Amino acid sequence: SWGGYFQKKLQTGSLSGRSDDSFDVVCCFGPLYHLPPEERELVFAECRRVCRPGGVLAFAYICQIGVYAAACVHDTLRQFYPSKRANEYVLGQGTDDFKPGVFFYTTPEEMEAAAKRHGLTKVSNLGLDFFLAASVIDAMSEETFALYQPLADRMCASEACTGMSNHALLVCRNHGPWTDLPTRYAH
């Protein structure tokens, strides 16, 4: 059955026990939300290591500018934003201003640069949700929301909008063997 197939083929958690080139697809959904840039580099290296040449890798992340801009216009959060503290933490350090060190934010450009440093080729880098308009969208009638949906779909499909999303997904392809990487990332 399909259930048995997926139970055997899907892996979660640490990749340290997996051999090089083990997977056709590697999905990293969530960990990058909680890792500073230097630790993100280790994740990229490890995901690349276990992905077969020609394989696909997907990395979910939180967009620094989108999350801050959304807070600035959100009905309940805008009383706190913009602020000097948020400028320092969110924009300056790339971490949450209320819980520093718990959530880390980045930009589409930083994610693409990290992928490139690890020998990965970008396939797409797209926004997944746009918290910027959350209160307006929540207040829409079903009919109005149905009319809004094509715009939302276009926003998610346009790389020009990615940085204004709350969450984004970078999809890459692994094109070569480990030998083409800088030695500091090779295992």
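Both backbone and side-chain heavy atoms feed into the values below; hydrogens, waters and symmetry mates do not. Please read all numbers here as calculations on a predicted model, not as lab measurements.
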Answer yes or no: are there more than 12 heavy-atom neighbours, outside Glu38 itself, under 6.0 Å from its atom CD? yes
Short question: side chain of Ser124, backbone of Leu126 - any donor-acceptor pair under 3.5 Å? no
Rounded distance (nearest 0.5 Å) linking atom CG of Leu57 with atom SG of Cys47: 6.5 Å
Would you say the side-chain atoms of Arg49 pair up with the backbone N or O of Arg18, donor to acceptor, closer than 3.5 Å? yes
Joint cluster assignment, Leu32 & Leu170, ILVMFWY side-chain distance < 4.5 Å: yes
Worked check of side-chain contact (heavy atoms from CB on, under 4.5 Å) between Val171 and Leu169: CA-CA 6 Å; Val171 178; Leu169 185 67; 4.1 Å; yes
Is it the case that Tyr61 and Asn125 place a side-chain donor and acceptor less than 3.5 Å from each other? yes
Leu42 CG to Glu39 CD distance, which is reported to the nearest 0.5 Å: 7.0 Å
In this structure, are over 12 heavy atoms from other groups packed under 6.0 Å from Glu143 atom CD? no
Hey, could you give me the CZ/NE2 distance between Arg40 and His34, rounded to the nearest 0.5 Å? 12.0 Å
Under 3.5 Å: donor-acceptor pair, side chain of Arg52, backbone of Ser22: yes
If I compare all heavy atoms of Arg78 with all of Cys72, which pair ends up nearest, and what's the gap? CB-O, 3.0 Å
What about Phe29 and Val43, same hydrophobic cluster or not, with Ile/Leu/Val/Met/Phe/Trp/Tyr joined at side-chain heavy-atom distances under 4.5 Å? no
Tell me whether the rings of Tyr68 and Tyr81 are parallel (<30°), tilted (30 to 60°) or perpendicular (>60°). perpendicular
Would you say Asn174's side chain and Gly55's backbone share a donor-acceptor pair under 3.5 angstrom? no
Taking Arg48 for its side chain and His118 for its backbone only, find out whether a donor-acceptor pair lies under 3.5 Å. yes
Return the SG to OH distance between Cys28 and Tyr33, rounded to the nearest 0.5 Å. 9.5 Å
Might you work through the side-chain contact (heavy atoms from CB on, under 4.5 Å) test for Val50 and Asp20, ending with a clear yes or no? CA-CA 5 Å; Val50 299; Asp20 294 0; 5.8 Å; no
What residues, two or more places apart in sequence or in another chain, satisfy salt bridge (Lys or Arg N to Asp or Glu O under 4.0 Å) together with Arg85? none
Rounded to the nearest 0.5 Å, how far apart are CG of Leu128 and CE of Met155? 12.0 Å
Ring centres of His74 and Phe131 under 6.0 Å apart? yes
Flag, side chain of Arg173 to backbone of Thr121, donor-acceptor distance under 3.5 Å: no
Which atom pairs, one a donor and one an acceptor, fall under 3.5 Å between side chains of residues 89-96 and the rest of the protein, sequence neighbours left out?
residue, atom, partner, partner atom, Å
Thr95, OG1, Gly101, N, 2.8
Thr95, OG1, Phe103, O, 2.8
Asp96, OD1, Tyr105, OH, 2.5
Asp96, OD2, Phe98, N, 2.9
Asp96, OD2, Lys99, N, 2.7

Side-chain heavy-atom pair Val123, Val56 within 4.5 angstrom cut-off: no
Ring center gap for Phe44 and Phe59 short of 6.0 angstrom: yes
Going through the checks in order, is the side-chain hydrogen bond (donor to acceptor under 3.5 Å, both in side chains) test met by Ser165 and His167? CA-CA 6 Å; Ser165 68; His167 298 88; over 6 Å; no
Using 0.5 Å steps for rounding, measure from the CD1 atom of Ile62 to the CE atom of Met111. 11.0 Å
Using side-chain heavy atoms (C-beta onward) and a distance below 4.5 Å, is Asp21 in contact with Pro53? yes
Got Met140 and Ile137 here, is their nearest side-chain heavy-atom distance under 4.5 Å? yes
Could you tell me which non-hydrogen atom of Leu147 sits nearest to which non-hydrogen atom of Pro150, and how far apart they are? O-CD, 3.2 Å
Is the closest basic N to carboxylate O distance between Glu159 and Lys122 below 4.0 Å? yes
